[in-house]
Amino acid sequence: MKSNTISILVFLSLLISSCSQENNSSDAYGNFEASSVSVSPDVSGKLVYLLLEEGEELQEGQLVAIVDTIPYYLSSQELEAQKSAIYSKLKNLDAQVLTLKEQKKSIMIEVRRANELFKDGAVTRQTLDDLDGRIRVLDSQINAVKVQKESVYSEINVINQKINMVRDKTDRCYIENPFHGTVLEKYAEQHEMVIAGKPIYKIADLKIMELRVYVDALQLSKLKLGDEVTVFVDEDRKQNRQLTGTICWIASQAEFTPKIIQTKEERVKLVYAIKIQLENDGLLKIGMPGEVVFSGNLDSE
């Protein structure tokens, strides 16, 4: 009789413990992730310098890689040489204009003398007309040279634009880290050929983590952006650590429960994804599981 009483007490204790665990169960489960950026070069070429490793913490603006700049330096030198040749052409045109103006000045002196002689009847009107014609020809030649100079200036502007483009590409050979964060993955090694737009590493700011969880429509109706929620993570094998997070994103469309939910009954449900943002003191890692208890449920308990 005494043994039966003990068995009943043990059963009731287990039942109460089970009920207590059900009442304190979390509302949603998920995994931690971080907003990451894949950093790519803007130009193609040989990676002559790369100073980063996976897990390394990088500062904003830190120089982490250099793509070979020699091809762009040579292009710049070639353009500068072309520019010098064009400037020499411009000097020749200036010399032509100066010569033509001197010729015009000499003819103008003859015109003044011819006008004086014409008053005395020493020269004919034909002589004056011939001198005026020579002046008009010289003016036309001077204008033609000025038009050529404008064309040369246009060539110089084109060369300057090309030089600016080469300098811009040269500047882009120096790859700076976009923000403070931790290197998650490294895709290239020094001395490898890299392609513009193809990532060489991935970085994320691990001081701010996001827990992605899934909720059903009933839970979603009680949640809104900015709500504070309670998050539990494994601190060690026996204890959980309680953190406070804020809902920062709610999906606008429903989806089927992810396949990581093992039971068939759970996988066929329509759910909504939400993200909860938390400050990370180093405990949280990408992929780490987490549990959420929504504030309203805590209040009701």
Side-chain angles (χ1 to χ4, degrees), residues 39-50 60-178 191-198 200:
V39 180
S40 309
D42 294 331
V43 295
S44 301
K46 185 177 181 180
L47 200 60
V48 296
Y49 174 84
L50 181 65
E60 180 179 356
Q62 179 178 339
L63 180 65
V64 294
I66 301 176
V67 179
D68 189 7
T69 61
I70 291 180
Y72 302 110
Y73 171 76
L74 296 176
S75 296
S76 178
Q77 292 298 103
E78 181 182 0
L79 291 170
E80 290 290 351
Q82 293 178 17
K83 187 176 176 181
S84 297
I86 294 174
Y87 269 116
S88 64
K89 186 190 300 184
L90 192 61
K91 290 180 180 179
N92 290 333
L93 292 174
D94 286 335
Q96 290 181 35
V97 171
L98 184 60
T99 301
L100 293 171
K101 285 183 177 180
E102 287 298 323
Q103 292 178 11
K104 181 180 178 180
K105 187 185 297 184
S106 177
I107 294 175
M108 291 299 295
I109 294 173
E110 292 184 34
V111 169
R112 285 195 294 270
R113 290 174 180 172
N115 282 327
E116 293 296 329
L117 294 172
F118 178 75
K119 292 178 183 179
D120 297 333
V123 296
T124 63
R125 169 61 65 180
Q126 182 65 39
T127 302
L128 293 177
D129 292 341
D130 289 343
L131 292 172
D132 288 339
R134 290 170 61 185
I135 291 174
R136 286 194 296 270
V137 170
L138 289 172
D139 286 336
S140 297
Q141 291 176 342
I142 291 172
N143 289 332
V145 174
K146 288 181 177 179
V147 171
Q148 291 182 51
K149 286 181 63 177
E150 292 298 327
S151 176
V152 172
Y153 281 125
S154 297
E155 290 182 44
I156 292 174
N157 289 333
V158 171
I159 294 295
N160 285 333
Q161 290 297 326
K162 290 182 178 180
I163 291 174
N164 290 335
M165 291 175 62
V166 172
R167 287 175 179 171
D168 178 67
K169 288 184 177 180
T170 303
D171 292 339
R172 293 175 184 272
C173 288
Y174 297 87
I175 302 170
E176 296 180 349
N177 187 56
H191 306 304
E192 287 185 357
M193 293 296 295
V194 294
I195 301 173
K198 185 177 180 180
I200 58 174

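The analysis underlying the following values was restricted to heavy atoms, covering all of them including side chains, and did not include hydrogens, waters or symmetry mates. These numbers were taken from a predicted model, which means no experiment stands behind them.
In plain terms, the two heavy atoms of Pro41 and Val194 that are nearest each other are CG-CG2, 4.1 Å. Between Val43 and Lys169 the shortest heavy-atom distance is CG1-O, 4.0 Å. Minimum interatomic distance between Ser44 and Ala196 (heavy atoms only, all atoms of both residues): OG-N, 2.9 Å. Between Leu128 and Ala114 the shortest heavy-atom distance is CD2-CB, 3.4 Å. Nearest heavy atoms, Val48 versus Val67: CG2-C, 4.2 Å. In terms of heavy atoms, Ile135 sits closest to Met108 at CD1-SD, 3.3 Å.
Taking the charged nitrogens against the carboxylate oxygens, Lys149 and Asp94 do have a contact shorter than 4.0 Å, which makes a salt bridge. Salt-bridge check for Lys46 with Asp68: failed, with every basic side-chain N at 4.0 Å or more from each acidic carboxylate O. For Asp171 and Arg167, the salt-bridge test fails: no basic side-chain N is under 4.0 Å from an acidic carboxylate O. Classification of Arg113 and Glu110 as a salt-bridged pair fails, no side-chain N sitting under 4.0 Å from a carboxylate O.
Taking 4.5 Å as the limit, some side-chain heavy atom of Thr127 sits within range of a side-chain heavy atom of Thr124. Side-chain contact between Ile109 and Arg112: present, with at least one pair of heavy atoms (C-beta onward) separated by less than 4.5 Å. Looking only at side-chain heavy atoms (C-beta outward), Leu63 and Tyr174 come within less than 4.5 Å of each other. At a threshold of 4.5 Å between non-hydrogen side-chain atoms, the residues Gln148 and Lys89 do not count as touching. Between Glu176 and Val64 there is no side-chain heavy-atom pair separated by less than 4.5 Å. Within the 4.5 Å cutoff, the side chain of Leu100 has heavy atoms near those of the Gln103 side chain. Side chains of Ile200 and Ser40 form no contact here, defined as non-hydrogen atoms less than 4.5 Å apart. Annotation: side chain of Leu47 is not in contact with side chain of His191 (no heavy-atom distance under 4.5 Å).
Taking NZ from Lys101 and CD1 from Ile142, the interatomic distance works out to 6.5 Å, rounded to the nearest 0.5 Å. Rounded to the nearest 0.5 Å, atoms OH (Tyr87) and CD1 (Ile156) are 4.5 Å apart. One finds the CZ atom of Arg134 at 7.5 Å from the OG atom of Ser106 (value rounded to the nearest 0.5 Å). To the nearest 0.5 Å, atoms CG (Leu93) and OH (Tyr153) are separated by 9.5 Å. Separation of atoms NZ (Lys146) and CD (Glu150) is listed at 10.0 Å; rounding is to 0.5 Å. Glu78 CD to Lys162 NZ: the interatomic distance, rounded to the nearest 0.5 Å, is 9.0 Å.
Residues satisfying the salt bridge (Lys or Arg N to Asp or Glu O under 4.0 Å) criterion with Lys198, sequence neighbours excluded, are absent altogether.
Between the side chain of Ser76 and the backbone N or O of Tyr72 there is no donor-acceptor pair closer than 3.5 Å. When atom types are taken as modelled, the side chain of Ser151 and the backbone of Val147 share no donor-acceptor pair closer than 3.5 angstrom.
Checked by atom type, the side-chain pair Gln96/Asn92 shows no donor-acceptor distance below 3.5 Å.
A side-chain contact (heavy atoms from CB on, under 4.5 Å) with Ile163 holds for exactly one of Val158, Leu79, Asp168; it is Leu79.
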Q.
Could you go through Asn177 and Glu60, starting from their C-alpha distance and side-chain angles, then the distance that decides it, and tell me whether this counts as side chain to side chain contact (heavy atoms under 4.5 Å, CB included)?
A. CA-CA 6 Å; Asn177 187 56; Glu60 180 179 356; 5.5 Å; no
Q | Leu131 vs Ile107, side chain to side chain contact (heavy atoms under 4.5 Å, CB included): CA-CA, chis, key distance, verdict | A | CA-CA 7 Å; Leu131 292 172; Ile107 294 175; 4.3 Å; yes
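Heavy-atom neighbours of Lys83 NZ from other residues, nucleotides or ligands within 6.0 Å: above the threshold of 12. Counting non-hydrogen atoms of other residues, nucleotides and ligands closer than 6.0 Å to CG of Leu98 gives a total above 12.
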